[in-house]
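Working notes for the structure below.
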Amino acid sequence: QVQLVESGGRLVQAGGSLRLSCAASGRTFSSYTMGWFRQAPGKEREFVAAINWSGGTIRYADSVKGRFTISRDNARNTGYLQMNSLKPEDTAVYYCAAGVSGAIVYSSSSGSYDSWGQGTQVTVSS
């Protein structure tokens, strides 16, 4: 497994932007699929975006498509989630996750991932 630490969450006004980071340590991050999930109060954890080891395959939830961009820098062992045009409904704790299987880039299930960060709070005010 890899150890993951998210950062970058804060309070932002609707229409604003944030970039979340996910710093990885431990086993070779570059071989892992990386995903971002979020969980709002009283709701289940939901898939946001995923990227395969090379960055060649990327998927987004329909709710963030066109507004969020997932990326990774394997040389820095870091993943990113650029969030633009934020809406109040984007308010949640955001988690990054990593999984060994390349196939999980096509999965929206949190159970597909092996390692999780502690989460970072994103609050979007209206």
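Along the sequence shown, the residues carry numbers beginning at 1.
Val93 and Val124 are not part of a single hydrophobic cluster, where members link through side-chain heavy atoms under 4.5 Å apart. Note on Val12: it clusters hydrophobically with Val64, by side-chain heavy-atom contacts below 4.5 Å among ILVMFWY residues. Phe29 and Leu81 fall within the same hydrophobic cluster, defined by Ile, Leu, Val, Met, Phe, Trp and Tyr side-chain heavy atoms under 4.5 Å apart, directly or through other members.
Annotation: the span from Tyr94 atom OH to Cys22 atom SG amounts to 15.0 Å, rounded to 0.5 Å. Here the OG-CZ distance, from Ser30 to Arg76, works out to 15.0 Å after rounding to the nearest 0.5 Å. In this structure, OH in Tyr95 is found 15.5 Å from OG in Ser115, a value given to the nearest 0.5 Å. Taking OG1 of Thr91 as the reference point, atom CD of Gln121 lies at 7.5 Å (rounded to 0.5 Å). Taking OG of Ser108 as the start and CD of Glu46 as the end, the distance is 10.0 Å to the nearest 0.5 Å. Interatomic distance, Arg67 CZ to Ser85 OG, rounded to the nearest 0.5 Å: 7.0 Å.
Side-chain atoms of Gln3 and Val5, non-hydrogen and from C-beta on, never get closer than 4.5 Å to each other. For the pair Thr120 and Arg10, the minimum side-chain heavy-atom distance is 4.5 Å or more. Side-chain contact between Met34 and Val2: absent, with no pair of heavy atoms (C-beta onward) separated by less than 4.5 Å. Looking at Arg38 and Ser63, their side chains come closer than 4.5 Å, going by heavy atoms from C-beta outward. Put simply, the side chain of Leu86 reaches to within 4.5 Å of the side chain of Phe68, judged on heavy atoms.
Every residue two or more places apart in sequence or in another chain was checked for a side-chain hydrogen bond (donor to acceptor under 3.5 Å, both in side chains) with Glu89, and none qualifies. In this view, Ser54 and Asn52 satisfy the side chain to side chain contact (heavy atoms under 4.5 Å, CB included) rule, not counting sequence neighbours.
In Trp116, the CH2 atom is crowded: over 12 heavy atoms of neighbouring residues, nucleotides or ligands sit closer than 6.0 Å. For Gln118, the CD atom is densely surrounded, since the number of other residues' heavy atoms within 6.0 Å is greater than 12.
With respect to Asp90 and Lys87, no salt bridge is recorded, no charged nitrogen being found less than 4.0 Å from a carboxylate O.
Of the residues Thr33, Ile58, Asn77, Ile51, the one that meets the side-chain contact (heavy atoms from CB on, under 4.5 Å) test with Arg72 is Ile51.
Of all heavy-atom pairs spanning Ser107 and Tyr113, the tightest one is O-OH, 4.5 Å. When all heavy atoms are compared, the tightest approach of Leu4 to Ala24 is CD2-CB, 3.7 Å. Across Ala14 and Ser126, no two heavy atoms sit closer than the pair CB-CA, 4.3 Å. Considering every non-hydrogen atom in both Trp36 and Ile70, the closest pair reads CD1-CD1, 3.5 Å. For Lys65 against Tyr60, the heavy-atom pair with the smallest separation is CE-O, 3.8 Å. For Ala40 against Ala92, the heavy-atom pair with the smallest separation is N-CB, 3.8 Å.
The main-chain N or O of Val105 is found under 3.5 Å from a side-chain atom of Arg59 such that the two form a donor-acceptor pair. Although no hydrogens or angles enter the test, the distance criterion places a donor-acceptor pair under 3.5 Å between the side chain of Glu6 and the main chain of Cys96. At distances below 3.5 Å, not a single donor-acceptor pair connects side-chain atoms of Thr78 with backbone N or O atoms of Asp73.
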Taking it one step at a time, do Thr57 and Tyr106 satisfy side-chain contact (heavy atoms from CB on, under 4.5 Å)? CA-CA 9 Å; Thr57 302; Tyr106 300 106; 3.7 Å; yes

